[in-house]
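Reviewing the structure listed below.
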Protein chains: 2
Amino acid sequence: MGQAKQFDSHLLNFLSSVDVASGTPLYQQLQTLLLFAIASGKLKPGDQIPPARELANRINANVNTISKAYRDLVVMGLLYTRRGMGVYVNPDMSERCREDCRRRVIANLAAALTQCRTSGLGDEEIKELVAKLLSSNIPPNAPLPSSFSKFLKS
Amino acid sequence: MGQAKQFDSHLLNFLSSVDVASGTPLYQQLQTLLLFAIASGKLKPGDQIPPARELANRINANVNTISKAYRDLVVMGLLYTRRGMGVYVNPDMSERCREDCRRRVIANLAAALTQCRTSGLGDEEIKELVAKLLSSNIPPNAPLPSSFSKFLKS
DNA sequence: AGTAATTGCATTATACTATGATTGATTTGG
DNA sequence: CCAAATCAATCATAGTATAATGCAATTACT
């Protein structure tokens, strides 16, 4: 018996910030977290990522769920695996990963903005809303503060 | 035989703008379209929405898929049905629908903004990006114009 | 009244996907 | 050479999106 081998807890903590109740599949959440970690440099080329078993145990998920998340990223070329050893960040892909990541983020933002327009908000209102959102640092899944009520009616 | 009864084609066209290949379920896309239509006033209280069979035939989907989309909105109270007659917009809910819709839109925007931050963009960069996106009217699913390449690297 | 047409509703079936349980294969370290 | 760690592969299960089909209610027209 004895304590299971401990992996770098920074990364473990980061990857543990998944929300089981969020509706989006666990393996997809993990993939997004890993993508951002690689793109931002939090995970460097050659770094080992937590063994599937350990992360699974940590977040009370099944090994296969974690493995699937890893496997897809391996297929994309972002990670590579060495059987018996672990999963590692591919050294050649960080640059491309950052760009892909940004493209996704910008596409998301663009979609959100067109949705704002569709709902009847004008461009100036949208800019004001963006500025207000950026400066007020609302936590995710929190109810909208009353200071935003002017944007609900127009 | 004979031509099937034709429904108001404006609305039919609008509801037909669903993307089968988009990954998100058909019935959810329809629900979002209907929500926005009601919230924006395109669909007025008491208006009839297309019979499930007709819309199903129009977009080559199954009747049950359309019915499920309608049924959920009935449960939410946005629509009501009269068997043999059709599905109608509930007169009492348009106001609340608009607010709920706005909340969802703003929550989406907030999420997109925090993702921008997570990817390393600064607040000023984000504001600039928003202004640029608003003024350049990029179509959905289009590749990012090269004028945005400065936002891919920072 | 009565019959046909239009419509929503209910039941059942199927395919796909996310997750789980388990066993096998490969590498390292002592 | 053996034990431990790790990824890989196979199979099972639950939930969900879609589909096929028949039933029930309402209307319109004769």
Side-chain angles (χ1 to χ4, degrees), chain A residues 1-8 11-12 15 18-32 34 47-76 78-90, chain B residues 1-8 11-12 15 18-32 34 47-76 78-90:
Chain A
M1 50 224 33
Q3 196 72 347
K5 185 178 115 183
Q6 284 300 336
F7 196 84
D8 165 44
L11 188 53
L12 262 178
L15 292 180
V18 286
D19 181 11
V20 199
S22 84
T24 69
L26 216 61
Y27 78 98
Q28 277 185 26
Q29 295 185 48
L30 281 175
Q31 288 174 351
T32 306
L34 285 169
D47 278 2
Q48 183 186 3
I49 67 178
R53 275 179 184 74
E54 188 167 347
L55 182 53
N57 183 42
R58 168 67 172 268
I59 66 180
N60 286 318
N62 190 279
V63 189
N64 292 323
T65 306
I66 317 291
S67 272
K68 175 181 176 55
Y70 290 177
R71 196 178 332 127
D72 289 1
L73 296 180
V74 169
V75 173
M76 294 185 211
L78 277 168
L79 305 175
Y80 68 90
T81 64
R82 285 172 50 196
R83 216 181 217 182
M85 292 299 295
V87 185
Y88 303 86
V89 178
N90 192 325
Chain B
M1 48 220 45
Q3 196 71 349
K5 183 178 117 184
Q6 285 298 339
F7 195 84
D8 166 43
L11 188 52
L12 263 178
L15 291 179
V18 287
D19 182 10
V20 198
S22 85
T24 69
L26 217 60
Y27 79 98
Q28 278 185 27
Q29 295 185 47
L30 281 175
Q31 287 173 352
T32 306
L34 284 169
D47 278 1
Q48 182 184 4
I49 67 179
R53 278 177 181 77
E54 189 168 346
L55 182 53
N57 182 42
R58 169 66 174 267
I59 66 180
N60 285 318
N62 190 280
V63 188
N64 292 321
T65 306
I66 317 291
S67 273
K68 175 180 176 54
Y70 290 176
R71 196 180 330 128
D72 289 0
L73 296 180
V74 169
V75 172
M76 293 184 213
L78 277 168
L79 305 175
Y80 68 90
T81 63
R82 284 171 52 195
R83 214 181 218 184
M85 291 299 293
V87 185
Y88 303 85
V89 178
N90 191 325

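The shown structure was predicted, so the numbers you read here are calculated from the model rather than taken from an experiment. In the text below, chain A, chain B and the rest are named by the order of the sequence lines, each starting its count at 1.
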Between P on D:dC7 and CD1 on A:Ile49, what's the gap in Å once rounded to a whole number?
8 Å
Within the structure, does a side-chain N or O atom of B:Thr81 lie under 4.0 Å from either OP1 or OP2 of C:dC9?
yes
Closest to the side chain of B:Asn62, out of C:dA18, D:dA20, D:dA17, is D:dA20
Looking at C:dT28, I'd like to know if its phosphate oxygens (OP1 or OP2) sit under 4.0 Å from a side-chain N or O belonging to A:Arg82.
yes
Just compare D:dA17, D:dT6, D:dT26 and give me whichever is closest to any side-chain atom of B:Tyr27.
D:dA17
Between OG1 of B:Thr32 and OH of B:Tyr27, what distance do you get to the nearest 0.5 Å?
10.0 Å
D:dA17, D:dT6, C:dT26: which one has an atom nearest the side-chain heavy atoms of A:Arg83?
C:dT26
Could you state the atom-to-atom distance from OH of B:Tyr80 to C1' of C:dC9 in whole Å?
18 Å
CD1 on A:Ile66 to CD on A:Glu54, rounded to 0.5 Å
11.5 Å
Please determine, by modelled atom types, if A:Asp19 and A:Gln29 share a side-chain donor-acceptor pair under 3.5 angstrom.
no
Expected list for residues 64-76 of chain A near DNA chain C, using heavy atoms below 4.0 Å, is A:Asn64, A:Thr65, A:Lys68
Is there side-chain contact between A:Gln31 and A:Asp72, with at least one heavy-atom pair below 4.5 Å?
yes
May I have the distance from B:Arg53 (atom CZ) to D:dT21 (atom P), rounded to whole angstrom?
13 Å
Integer-rounded Å distance: C:dC9 C1' and B:Met85 CE
16 Å
Rounded to whole Å, please give me the gap between CG in A:Asn57 and P in D:dT6.
12 Å
Nucleotide C:dT7, atom C1' - distance to CG of B:Leu55 in whole Å
14 Å
Walk me through it: do B:Leu30 and B:Leu55 pass the test side-chain contact (heavy atoms from CB on, under 4.5 Å)?
CA-CA 10 Å; B:Leu30 281 175; B:Leu55 182 53; 4.1 Å; yes
Just how far, in rounded Å, is C1' of D:dC7 from CD of A:Glu54?
15 Å
Rounded off to whole Å, could you give me the CD-to-P distance for the A:Gln29 and C:dA18 pair?
12 Å
Check whether any side-chain heavy atom of B:Pro51 sits under 4.5 Å from a side-chain heavy atom of B:Tyr70, and report yes or no.
no
When the nearest nucleotide of DNA chain C is assigned to A:Gln28 and to B:Pro50 on a heavy-atom basis, which residue is associated with the more 5' position?
B:Pro50
Under 4.0 Å, counting only non-hydrogen atoms across every strand here, what does B:Val63 touch: a base, just sugar-phosphate, or nothing?
nothing
Quick one: CG on A:Leu78 to CG on A:Asn90, what's the gap to the nearest 0.5 Å?
7.5 Å
